[in-house]
Protein chains: 2
Amino acid sequence: MRKPKKKAAPSGNRREDLLRVCARLFREKGFDGTSIRDISQAAGMHSGSPFYHFETKQEMLVAVMEQGLEEGLRHLEAVAALKLPPAEKFRKLVRAHLETICGEGHDFIPVMLYDWRSLTPANRRRVIALKDRYDALWQKVTDELQAQGIMGGDAQLARLFTFGVLNWTARWYRAGGRKSLDEIAEEAARFLLRE
Amino acid sequence: MRKPKKKAAPSGNRREDLLRVCARLFREKGFDGTSIRDISQAAGMHSGSPFYHFETKQEMLVAVMEQGLEEGLRHLEAVAALKLPPAEKFRKLVRAHLETICGEGHDFIPVMLYDWRSLTPANRRRVIALKDRYDALWQKVTDELQAQGIMGGDAQLARLFTFGVLNWTARWYRAGGRKSLDEIAEEAARFLLRE
DNA sequence: CCTACCGATCGGTAGG
DNA sequence: CCTACCGATCGGTAGG
């Protein structure tokens, strides 16, 4: 194997660097499509070194997903705690969610959206615990919207349809495209709230 | 490698059998997570035999996607050709689309939704040609709905949001769940048409 | 975190 | 479509 070009600028936390590299590569090429050597090289390490930080490649995958969900939850829960009318809160949640899915350098949650299948059943359970909190947060806002008659139909389906609109953006959004993330967030909220 | 259990019930077209097996396995485990040996065994062949039908594994992937899109298009274009009010036509298109995405034995289009990244750039172009026809078909109905004031906002975004609601169902729908595919289709159409 | 390495598995092929 | 096989690459490890 080739030698990494540089000794890598000394960084406080190599584990974090590694995780960021994993997130980016997993998102671009998929978990199975990314080799340990790809990761090592991108992090400026030799091919055996990632295993000093993570026991297995599978551990890198869960770590990426968990970190993404935890950061996302922190953001969303802060927004959800604001005292605002439901529709206004919803708009802000939509914007925050789109940021964690399409924003510059936000590769962590997309990895979860794309590579769920690659998790072992045991690790799937670990991630589901976090995902449940995500679902509960959105379900609560959805319920509020429905109570106000701004959103109709079955409550759980309404949440899943909302996730569809938002999460699908990860597939087609490109920075520098026809619409900015702000514009898309605004239109998505309007679309979902039938305004 | 182990010997395939049976000689495989004689079938008219082994290539088609192989493609069905590929679609199912690619959907379940991903393209990179499925080995030629997985495919051979599931098809009741020996491990070198799939290459009698396809030049490379990559060719199996495009073939799955192309067949899925072609069949889907045939269905949808038949529905789109019906003389019906836009909203009614939309409802039927939603139902047909959900069938090709969640229906029993419909693994072909989900492979495209999941494993797009695994296509080589050249093959991506081949598939995009078909996907464009899909997009155009939906864009036309979306435009009709907007002309009637049943759907608002930017026309292209409205289509992408619609795709989000529909395509995302592939992630969470499970046969035998709380809602049938018919019920989901009806609610999705209502949700999108803000009825 | 590097060095040097291993066994397993991978996609693919030649020849029949 | 089977048989027998190959070179490459994979995730991971022991020892420092």
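Letters go in sequence order (proteins before strands), and every chain restarts at 1.
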request  = Map A:S49 and B:Y52 onto DNA chain D by nearest heavy atom, then report which one ends up closer to the 5' terminus.
outcome  = B:Y52
inquiry  = Among residues at least two apart in sequence or on other chains, which ones pass salt bridge (charged side-chain N to carboxylate O under 4.0 Å, His left out) with B:R125?
reply    = none
query = When you measure from the centre of the six-membered ring of B:Y114, is the NZ or CZ of B:R27 under 6.0 Å away and within 45° of the axis?
reply = no
message = If you take any heavy atom closer than 4.0 Å to DNA chain C, which residues from residues 58-68 of chain A end up in contact?
response = none
key: Spacing of A:R126 atom CZ and A:E66 atom CD [to the nearest 0.5 Å]   = 4.0 Å
Watson-Crick or G-U pairs under 3.5 Å in DNA chain C, rendered as dot-bracket with [ ] for crossing pairs and | for another strand = ||||||||||||||||
note = Minimal heavy-atom distance between A:Q156 and A:D154, with the atoms involved, is N-OD2, 3.1 Å
request  = Check whether more than 12 heavy atoms from other residues, nucleotides or ligands sit under 6.0 Å from atom CZ of A:R133, and answer yes or no.
outcome  = no
query = Looking at residues at least two apart in the chain, or sitting in another chain, which of them share a ring-ring contact (aromatic ring centres under 6.0 Å, His included) with B:F161?
reply = A:F191
ask   = Atom OG of B:S47 and atom CG of B:D38: how far apart are they, to the nearest 0.5 Å?
value = 11.5 Å
request  = Give the rounded distance in Å between these two atoms: CD of B:E55 and P of C:dT13.
outcome  = 8 Å
Scan nucleotides 7-11 of chain C against the protein and return all N/O pairs shorter than 3.5 Å with their distances rounded to 0.1 Å.
unit_1	atom_1	unit_2	atom_2	d
C:dG11	OP1	B:T34	O	3.4
C:dG11	OP1	B:K57	NZ	2.8
C:dG11	OP2	B:I36	N	2.8
C:dG11	N7	B:R37	NH1	2.9
C:dG11	O6	B:R37	NH2	3.0

task = With sequence neighbours excluded, give me every ring-ring contact (aromatic ring centres under 6.0 Å, His included) pair touching residues 22-45 of chain A.
result = A:F26-A:F31
request  = Check whether any side-chain nitrogen or oxygen of B:H46 sits under 4.0 Å from OP1 or OP2 of D:dT3, and answer yes or no.
outcome  = yes
ask   = Can a salt bridge be assigned to the pair B:R117 and A:E28 using a cut-off of 4.0 Å between side-chain N and carboxylate O?
value = no
query = Would you call A:D143-A:K140 a salt bridge at under 4.0 Å N-O?
reply = no
